[in-house]
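Notes for the one structure printed next.
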Amino acid sequence: MSKDFKVKVLATGMAVPEKILTNFDLEKIVDTTDEWIRKRTGMVQRHIADENTAASDLAYEAAKNALQYANMEPKELDMIVISTVTSDYSFPSTACLLQEKLGCRDIPAFDVSAGCTGFIYGITIAKQFIETGYYNNILVIGVEILTKITNWKDRGTCVLFGDGAGAAILTRATKSDSSFIIDTYLGANGKVAELLIRKGGGSRNPISKKVIEQDMPFLEMEGNKIFRLAVKAMGDSAEIILKKNNLTGNDLDWLIPHQANLRIIYATAHRIKLPKEKVIINIQKYGNTSSASIPIALDEAIREGKIKRGDLVMLDAFGAGLTWGSVLFRY
Ligand code: ACO
């Protein structure tokens, strides 16, 4: 495949709602404890959207943030890709709503559904368009408001999720640029789709009294089975992309894993023999924000001065589908 242009991450941004829900708050809602949540997940608190905030609102804040860091006007964008499973509406896409909010030109805008791996899928799609010279500047966002599809009676899931948005602007890099995306890798396995699913509200189980009574509009997850698959998928994905590019964990400056569970994060780092100090972790602050988790962690790490231009960074995720994937890039 001919690659005419290199692609780089020009700037990032993020946004989370103000309201915080702590483990202690959750103790009052379901039969759980701060100790259990910390020990089993690494989570301490998460940000929760209020009733007036939808995905496009958080996406807008994250996008403005990234555009500011990029010193770029919305009119300079050539395409918007949003990863979300909690869009404002079933249709139109959240990306189209954001295009209007930002005041962009009539550029293509669409959503991607790949669960927590969505940001990796989005980056991969955007990269192709820039590599071929088709577009110059693409806004990729991961945004989720999972707390609005959370079953607050199910302690196995309601303690896990938080809301947020993360954005990245990809642009064409010069041949001598030290910042560029090296490779991406994607995978999926629909055989285990039902392990993490929202059954109600689509064309299989349209909204009805029965569907609501059976809690189908809420997210359902077989956490234990997902856990084992996640450890394998994240580790495999990381190993495959490193091997494909003749690299090892030793070469990496940073790993930014999807923030679903601290034990999954450490297992992934262990698999590629990466010391914990090189892993970006913010699960304690935000919980699992699904496809927003990686871009939020990336933006925070850049802002905190951890990730610097030229650093070798790996993004690694898995999610509903099941899906998985990795991005290897020099920031
Ligand atoms: N508080 C207290 N006890 C709990 C809670 C809770 N919040 N939740 C479950 N338990 C109990 C269970 O009922 C069970 O009790 P039992 O032994 O009496 O039956 C016990 O704790 C152990 O339950 P497990 O489900 O085996 O606990 P596990 O160690 O697997 O942790 C968890 C559960 C945190 C959900 C874990 O399985 C996990 O993180 N799974 C992966 C989640 C994930 O990554 N999802 C994909 C991404 S999300 C997305 O794509 C939108």
Side-chain angles (χ1 to χ4, degrees), residues 14 16 23 34-47 83 114-120 123 142 144 146 156-157 159-162 164 166 185 187 195-196 221 223-242 248-302 304 306-307 311-329 331:
M14 64 165 276
V16 289
N23 292 350
D34 169 61
E35 195 201 347
W36 191 94
I37 302 171
R38 271 178 207 252
K39 215 164 128 193
R40 306 307 295 165
T41 71
M43 296 167 189
V44 177
Q45 61 170 51
R46 62 289 291 145
H47 290 247
S83 157
C116 305
T117 318
F119 185 73
I120 307 278
I123 291 282
E144 303 290 0
L146 283 172
T157 56
V159 303
L160 303 175
F161 303 111
Y185 168 74
L195 295 182
L196 179 49
M221 179 173 72
N224 211 290
K225 287 185 186 158
I226 290 275
F227 186 96
R228 286 195 293 274
L229 290 167
V231 168
K232 178 159 171 30
M234 296 258 296
D236 286 353
S237 189
E239 253 184 27
I240 287 168
I241 197 167
L242 283 171
T248 69
N250 249 336
D251 298 302
L252 288 179
D253 292 302
W254 299 103
L255 167 68
I256 307 184
H258 170 43
Q259 312 279 312
N261 187 309
L262 198 53
R263 291 179 289 146
I264 299 174
I265 291 173
Y266 285 151
T268 306
H270 181 74
R271 173 93 177 262
I272 57 169
K273 301 182 181 66
L274 191 74
K276 285 178 186 171
E277 302 73 57
K278 290 189 170 189
V279 186
I280 303 290
I281 296 169
N282 64 7
I283 192 170
Q284 69 284 0
K285 285 199 280 184
Y286 303 114
N288 179 352
T289 57
S290 188
S291 63
S293 90
I294 285 180
I296 287 176
L298 172 62
D299 183 64
E300 267 199 346
I302 293 168
E304 287 166 6
K306 287 181 181 160
I307 296 183
D311 279 0
L312 184 60
V313 184
M314 186 199 287
L315 314 180
D316 193 24
F318 75 97
L322 290 184
T323 56
W324 57 87
S326 304
V327 176
L328 200 54
F329 71 109
Y331 176 67

For the pair Thr323 (side chain) and Phe318 (backbone), establish whether a donor and an acceptor sit closer than 3.5 Å, ignoring hydrogens and angles.
-> no

Take atom CD of Glu304 as the centre, draw a 6.0 Å sphere, and report whether it contains more than 12 heavy atoms from other residues, nucleotides or ligands.
-> yes

Look at the side chain of Ser291 and the backbone N and O of Ser83, then say whether any donor-acceptor pair between them is shorter than 3.5 Å.
-> yes

Backbone N/O of Gly42 and side chain of Arg263: donor-acceptor pair under 3.5 Å = no

Distance-only donor-acceptor check, side chains Thr289 and Glu144, under 3.5 Å | no

Looking at Lys306 and Glu300, does any basic side-chain N land under 4.0 Å from a carboxylate oxygen?
-> no

Report yes or no: do Asn261 and Thr41 form a side-chain donor-acceptor pair below 3.5 Å?
-> no

Flag, side chain of Asn288 to backbone of Ser290, donor-acceptor distance under 3.5 Å = yes

Backbone N or O of Gln259 within a donor-acceptor pair of the Ser293 side chain at under 3.5 Å?
-> yes

Between the side chains of Trp324 and Asp236, does any donor sit under 3.5 Å from an acceptor?
-> no

By salt bridge (Lys or Arg N to Asp or Glu O under 4.0 Å), which residues pair with Glu277, not counting sequence neighbours?
-> none

Sequence neighbours excluded, the answer for salt bridge (Lys or Arg N to Asp or Glu O under 4.0 Å) partners of Asp253 is none

